[in-house]
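For reference, the structure is listed below as structure tokens.
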Amino acid sequence: MAFLNPWAIAIGVLVVGAPLAVHFLTRPRPVEFPLSTIQLLQEVIQQRRARSRLRDWLILLLRIAAICLLVATFSRPYFDDGPAVARTAEGDTARVVLLDVSQSMAAGSGGAQRISQGRAAAIEFLDGLRGVQAGVIFMGAKPRTVFDQISPNLPSLRSAVEEVTVRSEQANVHAALERAAGMLSEANHEKRELVIISDFQRGSWGTSRLDSLPEGTEVQFHAVASSVTDNVAITQVRFAEQPIIGQPAQIEIDVANFSDNDKNVSCQLAVDRLQQQLDAEVPARGSRTLTHSLTFDQAGWKHGFVTLTANLDALSEDDSRPLTVEVRDTPNVVLLSRQSESAAPSSSWFLEQALSITLARSDGASPLRRIHPMRMRPSKWPAADLFVIDHPGALDDEAVSFLAANIRRGRGLLYVTSELADAMNLQRLSEAFGSGFQPPVQLLSGSAARSRKDLFISRVSGRQEPFRVLGSTVEAALRPVRLGGGLPTQAMDEGLRDQVLAELSDSSALLYVTSADAGKVGVLNADLGESNWPVQATFVPILGELVQGLLRGGLDTGAVACGDPLVRLLPAEVQSVEALTVRPATDATPVADEYGRLQTTGAANGQTPQGGFVWAWEDPAGPGVYEVRQQNQTVMAVATAAPGLESDLQALDETVLKDRVGEGRRVGYSTPSSEDDEDDHWWTWLIVVCLLGLISEIAMLRGFRV
Amino acid sequence: MSNLSSSHTQPYVSRFFDASALAGFEQMRFSPRRAVDGSFSGRHISRRRGGAGEFVDYREYSPGDDVRRIDWKAMGRMGRAYLKIFQDDTDLNCTLVLDGSGSMAQGGITRGSRQDLRGSKFEWMQHFATALSHLIVFGRDAAGLAVIGQGLDDYLAPSSSLQTRQLMHHTIEQLTPAGATGLAQGLEDLLNRSTRRGVLVMLSDFLVDSMDEVVARLRNFRARGWEVITLHLIHPDEQNLPDGNAFRFAGLEGDGVVNCQLSEVRRAYQQRFEALADSTRKVLSGTGCDYYRVSTSESYLDVLRSFLVVRGA
């Protein structure tokens with residue numbers, strides 16, 4: 001327990017003496033009075049003495065207590081363990097100051113910004129050191145240190161703290177604590193102290209622990225917070241599917257309202273030359289997804305921003321969010337099949353017909369090209385956005401490598417498996433994909449494959465693509481479907497069961513879709529030539545949805561979190577990294593110190609690298625759009641922004657921090673105003689107790705009939 | 001007594017004697033409730049039935065009777081000897097017993113060694129005793145005085161002479177309360193010194209250590225045919241304690257000192273005092289004494305008037 005006004009105790013002692021002096025000075029002088037019945041009076045006094053003594057003692061105690069309580073009230077006690085880490089320190093002490101520089105620290109305005117308070121507090125914790133070594137860690141997506149080890153060079157640390165600014169990142173608390181633990185462990189000092197200066201956002205600190213810190217480390221939580229925590233933010237901007245020239249594409253904007261009141265928001269969307277304003281009401285403590293359909297008339301990468309207009313809230317940094325998306329030309333599809341184009345009806349024929357309908361171009365040209373894999377070398381195959389394989393026979397190594405390389409870079413593959421050779425082909429493709437491909441089932445090349453016919457669909461994931469296009473009638477619509485051919489399947493231990501979207505009556509998988517690095521692979525396990533599905537109305541729409549999903553590949557049009565490592569496979573048209581440059585794509589995008597590395601992955605096979613080229617950026621800057629250019633043409637772009645979770649400014653309670661985060665340790669908690677009013681509420685209770693004491697005294701006096 | 005000597009030339013008047021106030025009482029008489037022994041002829045019925053008084057009855061002769069009182073005429077008619085019995089009128093033999101203990105100074109003011117008894121019980125008693133003695137003597141009865149402090153401090157045998165009255169008044173005037181109460185001892189001494197029965201008028205606050213001893217002595221008086229009248233003098237300060245809160249009470253009979261906040265004990269004290277007074281009344285009444293509770297806040301003349309109305313012949 002400590003006192004905000006300890007001088008009041010000294011005054012209190014005098015004050016306690018004052019009533020005693022007043023009492024003795026002003027007490028009625030006893031009047032000398034002769035009394036004949038003094039013996040009688042003595043008997044009465046004697047009789048009442050025990051009762052009076054009890055009363056006198058109780059009243060004396062109550063009065064003393066009342067005076068002491070009043071003194072305590074004026075001295076304003078607060079029951080706090082005291083800071084685990086004092087501002088000042090000297091001697092054999094190692095102190096690490098962990099300063100949060102995540103985006104939420106920009107909340108507030110002017111001098112009331114959290115980062116301003118944080119800087120001031122950090123400087124105070126550094127200035128108070130005498131002959132002590134210290135370290136400073138700036139906690140963003142990555143912990144950044146001024147020196148790798150604790151150092152006696154306090155002026156440099158102080159200077160670094162003064163210059164630090166907020167980064168559009170989410171704090172990686174775990175990494176920062178690990179770094180702090182490392183610095184403290186290396187320090188051979190008698191005393192170790194860790195000062196954590198942060199706004200202690202719930203999203204960042206909710207699951208954090210101090211377990212990694214060395215034993216005996218004293219931890220001080222110093223919470224900075226702005227008075228206003230209401231915040232409305234754009235937390236995500238994405239396209240529902242990859243835009244294609246001339247076709248409408250839906251953009252989805254997630255707006256979150258981290259306040260207690262409903263908010264009317266107005267979003268200004270600017271992409272390429274398109275501009276649109278979207279208005280909506282976002283419920284309190286909720287979010288809303290605004291959608292708008294955009295149609296692009298040119299292919300290529302398009303950049304833009306979505307901005308909340310006239311939004312006055314605690315954090316302005318999250319009112320704008322960059323976006324970038326690649327608008328593709330109409331997709332090209334290559335159908336690899338040994339079956340003759342004229343052999344109708346056949347499995348590949350059904351596929352060709354359905355794809356021609358689904359991917360029809362406005363100019364009437366066919367988007368699909370049929371290739372006999374045995375008659376054309378893969379190097380001669382045309383560029384394709386989607387490979388459809390049906391009855392290909394056994395593919396040679398070159399074809400497998402070609403397919404694997406393209407799909408890993410973002411192309412799609414629909415494999416209709418119906419023969420034993422398909423199981424072998426898929427096995428080899430799987431090996432070529434490497435660890436980036438984890439199919440949920442394995443096709444079995446046993447004799448059972450020959451007896452597969454009249455199979456019906458026993459289970460379908462109606463809420464997922466491609467079946468969700470049929471809505472709630474999906475099971476009824478697929479009930480007449482009878483399928484034959486295909487291969488029995490066996491579940492893979494490491495595969496994801498929910499990637500199997502439909503199962504047949506023999507428990508084998510009918511359709512699964514999975515990823516292979518940047519591309520997507522769909523396997524339809526049936527011989528369409530031996531099935532009645534292609535002649536039913538459900539076939540074309542489901543195949544169309546499936547193909548669209550595969551064409552999207554691993555599309556992620558959302559922004560990358562600033563500071564989180566970024567790896568992008570560059571498209572197939574990239575021939576060498578030497579010709580590539582990386583730069584900010586828009587004027588609003590900040591220039592970074594470095595833009596990562598452009599490198600080749602996988603083993604080279606002739607002129608074309610098997611794995612392709614990747615853009616790896618360890619510490620993406622932002623927020624903004626960064627692009628990789630090849631000969632004045634953008635081949636890859638990435639939008640970077642702070643994660644949406646960073647916009648929730650609600651902080652963890654002191655008790656949660658102490659009890660859960662600092663479990664088992666002696667931790668202190670302070671705020672910038674704690675010197676003035678830390679736990680300064682006891683005086684009100686003291687006044688209440690004092691009043692109760694006085695009431696008790698009156699009741700006692702009445703009880704004793706005085 | 002020197003003052004008394006000069007009274008032969010100039011009548012002595014006690015400062016407690018208010019002749020004008022007592023003039024209205026002179027037609028009132030103090031009478032005992034029963035027959036008394038007197039020395040001289042008076043207005044009161046004598047306990048002796050002799051031959052000089054008023055005839056009241058006959059009684060058959062028995063050996064040893066005074067043959068002079070035989071009614072010879074009746075003997076002649078009846079053949080048997082009868083004595084004529086007469087009731088004598090005699091004077092009253094009244095002894096005033098005054099409590100001279102220190103407790104009687106209640107109500108007075110003590111300044112150092114000087115005592116100012118104005119307003120005290122003692123002063124009231126002096127007024128009352130002076131007046132009563134005057135009225136008794138004025139009625140041709142004999143009045144005596146016994147002052148009891150720690151014992152029988154002063155005693156004047158009953159007499160109806162003016163000199164004795166003056167001496168009595170002088171004695172009363174010169175009295176000062178002091179010392180502890182030896183009421184029982186004083187009464188015993190008085191009984192031993194009294195040769196004739198009479199009326200004992202006792203003025204006291206009855207603040208004694210042992211009331212039983214006092215009662216025992218009074219029973220002795222009663223047994224010897226005395227009529228005992230007790231006037232229980234109570235000062236308002238004794239009954240209610242003085243106004244105010246903080247007091248340093250000093251005992252009047254060397255009882256020590258008590259500091260006290262009266263607000264704490266006043267009610268209990270009053271209850272206890274009333275209980276004591278009630279107990280005194282019961283005890284004295286039970287002994288056959290006439291009991292009068294007298295508050296000294298009342299005028300002694302009013303009390304005297306009431307007393308004489310009750311006790312008047």
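Lettering of chains follows the sequences in order, A, B, ..., and the numbering in each one begins at 1. All figures in this text were calculated on a predicted structure; none of them were measured in a lab.
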Counting distance alone, with no hydrogens or angles, which donor-acceptor pairs between chain A and chain B are under 3.5 Å?
{"unit_1": "A:Val31", "atom_1": "N", "unit_2": "B:Ala246", "atom_2": "O", "d": "3.1"}
{"unit_1": "A:Val31", "atom_1": "O", "unit_2": "B:Arg248", "atom_2": "N", "d": "2.7"}
{"unit_1": "A:Glu32", "atom_1": "OE2", "unit_2": "B:Arg248", "atom_2": "NE", "d": "3.2"}
{"unit_1": "A:Phe33", "atom_1": "N", "unit_2": "B:Arg248", "atom_2": "O", "d": "2.9"}
{"unit_1": "A:Phe33", "atom_1": "O", "unit_2": "B:Ala250", "atom_2": "N", "d": "2.8"}
{"unit_1": "A:Pro34", "atom_1": "O", "unit_2": "B:Gln106", "atom_2": "NE2", "d": "3.2"}
{"unit_1": "A:Leu35", "atom_1": "N", "unit_2": "B:Ala250", "atom_2": "O", "d": "2.9"}
{"unit_1": "A:Ser36", "atom_1": "N", "unit_2": "B:Gln106", "atom_2": "OE1", "d": "2.5"}
{"unit_1": "A:Ser36", "atom_1": "OG", "unit_2": "B:Gln106", "atom_2": "OE1", "d": "3.2"}
{"unit_1": "A:Ser36", "atom_1": "OG", "unit_2": "B:Glu238", "atom_2": "OE2", "d": "2.3"}
{"unit_1": "A:Thr37", "atom_1": "OG1", "unit_2": "B:Tyr269", "atom_2": "OH", "d": "2.3"}
{"unit_1": "A:Glu43", "atom_1": "OE1", "unit_2": "B:Arg272", "atom_2": "NE", "d": "3.0"}
{"unit_1": "A:Glu43", "atom_1": "OE1", "unit_2": "B:Arg272", "atom_2": "NH2", "d": "2.6"}
{"unit_1": "A:Arg48", "atom_1": "NE", "unit_2": "B:Glu264", "atom_2": "O", "d": "2.9"}
{"unit_1": "A:Arg48", "atom_1": "NH2", "unit_2": "B:Glu264", "atom_2": "O", "d": "3.4"}
{"unit_1": "A:Arg55", "atom_1": "NH2", "unit_2": "B:Glu264", "atom_2": "OE2", "d": "3.3"}

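Taking each heavy atom of B:Phe247 and A:Pro30 in turn, the nearest pair found is C-CB, 3.7 Å. Shortest non-hydrogen contact noted between B:Gly108 and A:Pro34 is O-CG, 4.1 Å. Of all non-hydrogen atoms in A:Ile38 and B:Gly256, the two that sit nearest each other are CD1-O, 3.5 Å.
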Item checked: Criterion side-chain contact (heavy atoms from CB on, under 4.5 Å) on B:Leu241 and A:Leu41, from CA distance to verdict -> CA-CA 10 Å; B:Leu241 295 178; A:Leu41 186 64; 4.1 Å; yes

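In this structure, the side chains of A:Leu40 and B:Leu207 stay at 4.5 Å or more apart for every pair of heavy atoms.
Legend: residues meeting salt bridge (Lys or Arg N to Asp or Glu O under 4.0 Å) with A:Arg660, ordered by chain and number and at least two apart, are absent.
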